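Remember, it's a predicted structure, so these values are computed and weren't measured experimentally. Nothing fancy with the numbering, it's 1 onward along the sequence.
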Amino acid sequence: MCKAPLFRDPIHDGAADPVVIFDHAEGTWKMFYTNRPTTLVDLGVNWVHGTDIGIAESRDGGKSWLYRGTASGLNFERGRNTYWAPEIIYRSGIYHMYVSYVRGIPNDWNHPRHILHYTSKNLWDFEFVSKLDLSSEKVIDAAVFEIAPGKWRMWYKDEAHGSHTFAADSPDLYNWEVIGEVISDCAHEGANVFRLGGYNWLITDEWHGLGVYRSDDFENWTKQGRILDRPGKRAEDGVIANHADVETVGDTGYIFYFTHPERTEDNIKNHWGNQKRSSIQAARLEVKDGILVCDRDADFEINLR
């Protein structure tokens, strides 16, 4: 059975926003994630800022994960700064990271946010390429997918426009042209796009479960409902799921998401526990009769290959 939780960060215990990618040089799987410092002095929302991008490694196809440190080379300007929600794409021997960036360690949300582009040849050392010119000065949570040969699309959250998902296109992963708003039925974040069961899927974090949208052409998206919006029974999984990444193997999908295991109704009401702490979980995705299905309590084993 899949381990639960799948991974906890041993330094700050605040692993969030995971993305999983195969390391072609080492033959292992890497998980990159927002490394939240959950035990900082409480000065507002400083605990979600000042974050590095953590790295965990799996040598058994995703069944177990070992903390390996943090991504090197991200600081493109002076000071202690904030990095969130990495997306990593591999193309022609180069890994492209698109990561959300906030200058410094703010105590509130009223600061510019941008998406930065880095490249790496080894998934350890990253070099700054550019700050993307997108639809506003408050954009985060990039998700990138090749929607046609030589045509890449990036979906991202624009907080200046209702916290809706916008998109931009690129022919080369370096130059991006904004195409506009894509998902606008409710505020959300953390878009992720993948193909499974003959359909294109887009999921979002609605803060009360993950919204699910289906498309035949990457242009027109139909809302299906939500998944992972009810507490599970496994350890650290008794709350809603947040910001997820999906890896597909044939007709099976594996969804990697994070939870705040101590953010239960009783704890919120009584101000108990460390509600900032977060863990990474995984579950299996399937498509049944055109519907994306996820049973977070089902017995399964991860087998990335």
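Between Y101 and H114, the ring center distance fails the sub-6.0 Å criterion. Checked against the 6.0 Å centroid criterion, the rings of F258 and H243 do not qualify as a close aromatic pair. Ring centroid separation for the pair F218 and F145 comes in under the 6.0 Å cut-off. Checked against a 6.0 Å centroid threshold, the rings of Y118 and H96 do not count as neighbours.
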task = Start with the C-alpha gap between Y98 and W176, add the side-chain angles, then the distance that decides, and say whether ring pair (Phe, Tyr, Trp, His ring centres under 6.0 Å) holds.
result = CA-CA 12 Å; Y98 303 92; W176 296 90; 5.7 Å; yes
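Open room surrounds CZ on R230; 12 or fewer heavy atoms of other groups in view lie less than 6.0 Å from it. Sparse packing is recorded around CG of D251, with 12 or fewer heavy atoms of other residues, nucleotides or ligands lying under 6.0 Å away.
I53 contributes atom CD1, which lies 11.0 Å from atom CH2 of W84 (distance to the nearest 0.5 angstrom). With rounding to the nearest 0.5 Å, the separation of OG1 in T38 from CH2 in W47 is 8.0 Å. Atom CZ of residue F7 and atom CZ of residue F256 lie 12.5 Å apart, to the nearest 0.5 angstrom.
None of V182, I179, V144 except one satisfies the side chain to side chain contact (heavy atoms under 4.5 Å, CB included) rule with R153; the exception is I179.
If you check the side chains of N35 and Y83, you find no donor sitting under 3.5 Å from an acceptor.
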